[in-house]
**Q** 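Sharing a structure, written as structure tokens. Questions coming.
Given the structure is predicted, the values throughout are model-derived calculations rather than measurements. Computed from heavy atoms alone, side chains included, the values below leave out hydrogens, waters and symmetry copies.
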Amino acid sequence: MGLRLNAMFCRLVDAVFGNRVAMFMADTSYAVYLFHGVFLSLLGGRLAASGWFLERAPMERVAVLFVAVGLCSYAFAWVLHRAVERPFIHLGRQVGDRLFPVERRRAAPVA
């Protein structure tokens, strides 16, 4: 019974965290963390100067700002991930492989 529950739990975790949305959010999370404050101040300042924005109810203003900051932050984080992080991850792997070569061996046959 315990093994069956463990397998079901592993499948559930894999389904939740192994999909494309979760992978995208994991890849971009640090850049979103770093830059959301920049977008919050830029967009919040712009919107606070807008009559249309100020006429909205407080919860509507929060929702508009939340969506705008989220979209800008994730778009910027995706561009950074593609243009900066991926190439440097690849470069780091190449340098690491040259500095610390790993001998490729066949797995020993199981007796």
**Q** Distance-only, no hydrogens or angles: does the Asn19 side chain make a donor-acceptor pair with backbone N or O of Ala15 under 3.5 Å?
**A** yes
**Q** Please round to the nearest 0.5 Å and tell me the distance separating atom CG of Leu91 and atom CZ of Arg93.
**A** 11.5 Å
**Q** Atom CZ of Arg82 and atom OG1 of Thr28: how far apart are they, to the nearest 0.5 Å?
**A** 12.5 Å
**Q** Quick check for you: to the nearest 0.5 Å, what is the distance between Ile89 atom CD1 and His81 atom NE2?
**A** 6.0 Å
**Q** Are Met23 and Val13 connected, step by step, through hydrophobic side chains (Ile, Leu, Val, Met, Phe, Trp, Tyr) whose heavy atoms are closer than 4.5 Å?
**A** no
**Q** Is Phe88 linked to Leu80 within one hydrophobic cluster, defined over Ile, Leu, Val, Met, Phe, Trp and Tyr using a side-chain heavy-atom separation of less than 4.5 Å?
**A** yes
**Q** Show every donor-acceptor pair shorter than 3.5 Å between a side-chain atom in residues 29-52 and any protein atom, with sequence neighbours excluded, or say none if there are none.
**A**
{"unit_1": "Ser29", "atom_1": "OG", "unit_2": "Ala26", "atom_2": "O", "d": "3.3"}
{"unit_1": "His36", "atom_1": "ND1", "unit_2": "Val32", "atom_2": "O", "d": "3.3"}
{"unit_1": "His36", "atom_1": "ND1", "unit_2": "Tyr33", "atom_2": "O", "d": "3.1"}
{"unit_1": "Ser41", "atom_1": "OG", "unit_2": "Gly37", "atom_2": "O", "d": "3.3"}
{"unit_1": "Ser41", "atom_1": "OG", "unit_2": "Val38", "atom_2": "O", "d": "2.9"}
{"unit_1": "Ser50", "atom_1": "OG", "unit_2": "Trp52", "atom_2": "N", "d": "3.3"}
{"unit_1": "Ser50", "atom_1": "OG", "unit_2": "Phe53", "atom_2": "N", "d": "3.4"}

**Q** Show every donor-acceptor pair shorter than 3.5 Å between a side-chain atom in residues 55-62 and any protein atom, with sequence neighbours excluded, or say none if there are none.
**A**
{"unit_1": "Arg61", "atom_1": "NH1", "unit_2": "Leu54", "atom_2": "O", "d": "3.3"}
{"unit_1": "Arg61", "atom_1": "NH1", "unit_2": "Arg56", "atom_2": "O", "d": "2.9"}

**Q** Cut-off 3.5 Å, no hydrogens considered: what does the side-chain donor-acceptor table look like for residues 64-76, sequence neighbours left out?
**A**
{"unit_1": "Ser73", "atom_1": "OG", "unit_2": "Val69", "atom_2": "O", "d": "2.8"}

